[in-house]
Protein chains: 2
Amino acid sequence: MNAPATIGTTEKVADAIRSGIRTGQFVPGQHLVEAELTLRLGISRSSLREALRHLSGDGIVAIHRYRGAHINRLTRREVRDLLEVLEQLVRLAARLGAASGHANRSLMDAALDAARRHDEDGDHRSYIAVRQAFYDCLFEVAGNRELPRVTPLRRADLFRAQIRPYQTRAQQDSHTEGYRAIAQTVNDGDVEAAEAAVAALFAQTHAMVDELPDVAFDVD
Amino acid sequence: MNAPATIGTTEKVADAIRSGIRTGQFVPGQHLVEAELTLRLGISRSSLREALRHLSGDGIVAIHRYRGAHINRLTRREVRDLLEVLEQLVRLAARLGAASGHANRSLMDAALDAARRHDEDGDHRSYIAVRQAFYDCLFEVAGNRELPRVTPLRRADLFRAQIRPYQTRAQQDSHTEGYRAIAQTVNDGDVEAAEAAVAALFAQTHAMVDELPDVAFDVD
DNA sequence: CAGATGAAATCGTAGGACGATATTGACGGA
DNA sequence: TCCGTCAATATCGTCCTACGATTTCATCTG
């Protein structure tokens with residue numbers, strides 16, 4: 001097997017914090033006190049510290065010596081840099097996926113279904129599910145195993161968490177529609193259209209970032 | 001300050017292992033026994049385990065439950081996937097660097113100097129220095145702070161370590177010349193030429209990977 | 001009110017303990 | 001001889017305690 005038979009405590013803790021960020025349980029900028037977290041999660045300090053070290057590698061938390069760990073809060077510039085890098089990687093994924101001509105349909109259907117479901121209820125939880133399903137599928141059809149390792153999706157989750165209070169329902173729907181467009185073009189095997197769809201989605205996101213108020217971001 | 005005032009034990013250990021991989025002290029595939037490493041590095045198990053967790057995040061070591069950590073050894077496919085991703089990111093860096101029209105000259109000069117020095121002595125240590133200096137400068141000129149975080153250079157070091165015994169001096173020089181060409185085009189602010197130079201370098205690397213024997217890689 | 005100061009909070013590292021699991025090698029039967 | 005079983009060993013995962021190092025913050029002093 002490639003995957004471990006059982007999941008260790010460290011992974012569970014890291015997942016708990018990651019999902020806590022997506023659900024709003026942890027807020028960007030929040031200070032993480034070791035003693036408190038060990039109690040709350042019912043684990044030892046060793047395990048927690050390993051998990052925090054793991055998360056700091058993903059750029060989710062920052063650790064300052066003797067000052068502890070805190071959930072990262074991105075500056076506007078960091079978000080722009082992040083989007084710039086992310087776009088290239090998603091473009092690559094879309095290109096590979098469209099070119100593979102594989103059994104994309106069945107895979108991308110999941111993302112499309114999720115998008116449809118989001119259109120119906122439209123709360124935040126299903127929005128997260130759409131994002132997750134979309135990227136999972138995209139990386140799967142792309143067939144490049146380095147892509148999911150490198151792509152800073154967890155860091156993008158930080159961004160999502162930061163801007164959530166300032167994002168309108170219309171913007172969210174528009175973004176989901178962007179995912180749908182990419183899935184569609186990848187499904188069709190149209191490489192150029194897929195890349196264009198990715199570019200359009202990120203152009204839209206960049207525009208949104210430009211319009212957000214300063215309070216949505218960390219100071220430089 | 002953005003950087004911590006002092007460096008912690010964890011970082012020192014991680015750096016020691018990383019540089020150990022570049023210098024050949026640690027070999028891809030090698031099993032890392034905690035007890036042995038704690039003695040060798042003169043640190044506690046807590047610190048070592050944090051460091052290993054950190055390195056596993058970079059994809060340098062793999063940790064299997066109850067079986068310990070070992071230096072990753074890439075399969076041919078993993079190398080291809082890695083190069084595919086790496087190319088996109090270096091392309092982005094080159095494009096940004098060339099477009100910025102910043103004070104590139106003074107920055108890239110360092111890389112060019114290193115390349116020239118390598119041409120003279122041509123041992124492996126200076127080759128490593130060239131690589132390091134080149135990427136440092138490139139990311140600096142690109143001005144995107146997410147790039148150095150995301151770019152899997154440490155993983156590429158693994159690849160370099162694996163193929164070292166099978167790489168000829170001519171191939172190494174050719175690769176260094178590729179760096180020089182990229183630095184030159186970025187310096188000139190020629191975006192298209194810079195991207196072409198990156199593409200050429202990676203095409204060459206891909207060709208080399210295709211010609212390497214199976215023993216240079218891990219089994220799938 | 002600014003700066004010094006000391007106590008409290010928190011982190012970094014070390015090291016020990018013990019259960020859990022994988023690996024190894026011995027053993028016996030087909 | 002070969003193969004499966006099983007015990008012994010090595011190693012890891014997790015928890016715990018301890019203590020020095022450093023930051024943080026409230027308090028005191030001028």
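When reading the values below, keep in mind they use all heavy atoms of this one structure, side chains included, and skip hydrogens, waters and symmetry mates. Below, chain A is the first sequence line, B the second, and so on; all start at residue 1.
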Worksheet item: Taking atom CG of B:D218 and atom CG of B:N72, what is their separation to the nearest 0.5 Å?
Response: 8.5 Å
Item to complete: Answer with base, sugar-phosphate or nothing: what part of the nucleic acid does A:L52 contact at a heavy-atom distance below 4.0 Å?
Response: nothing
Worksheet item: Does A:D157 reach the main-chain N or O of A:R22 with its side chain, forming a donor-acceptor pair under 3.5 Å?
Response: no
Worksheet item: Whole Å only: how far is the CG atom of B:L39 from the P atom of C:dG15?
Response: 10 Å
Worksheet item: Under 3.5 Å, is there a donor-acceptor pair between the side chain of B:R76 and the main chain of B:L212?
Response: yes
Discussion item. Using five base pairs at each end to define the local axes, how bent is the helix from C:dC1-D:dG30 to C:dA30-D:dT1, to the nearest 10°?
Written reply: 10°
Discussion item. Main chain of A:G8, side chain of A:E11: is a donor-acceptor contact present, judged purely on distance under 3.5 Å?
Written reply: no
Worksheet item: So, A:Y179 versus A:H175, ring centres under 6.0 angstrom or not?
Response: yes
Fill in: Inter-residue atom distance A:L158.CG - A:L153.CG, 0.5 Å rounding
11.5 Å
Worksheet item: Does the A:D81 side chain pair with the main chain of B:N144, one donor and one acceptor, at a distance under 3.5 Å?
Response: no
Worksheet item: How close or far is atom C1' of C:dT13 from atom CD of B:E11, stated in whole angstroms?
Response: 14 Å
Worksheet item: Does B:G59 offer a backbone N or O that forms a donor-acceptor pair with the side chain of B:R155 under 3.5 Å?
Response: yes
All N/O contacts under 3.5 Å from nucleotides 13-16 of chain D to the protein, with atom names and distances to one decimal?
unit_1 : atom_1 : unit_2 : atom_2 : d
D:dG13 : OP2    : B:R49  : NH1    : 2.3
D:dG13 : OP2    : B:R49  : NH2    : 3.4
D:dG13 : O3'    : B:R65  : NH1    : 3.3
D:dG13 : N7     : B:R45  : NH2    : 3.4
D:dG13 : O6     : B:R45  : NH2    : 3.1
D:dT14 : OP1    : A:T9   : N      : 2.5
D:dT14 : OP1    : A:T9   : OG1    : 2.7
D:dT14 : O4     : B:R45  : NH2    : 2.7
D:dC15 : OP2    : A:S44  : N      : 3.0
D:dC15 : OP2    : A:S44  : OG     : 2.9
D:dC15 : OP2    : A:S47  : OG     : 2.8
D:dC16 : N4     : A:S46  : OG     : 3.0

Worksheet item: Between A:L32 (CG) and C:dT10 (P), how many Å, whole number?
Response: 13 Å
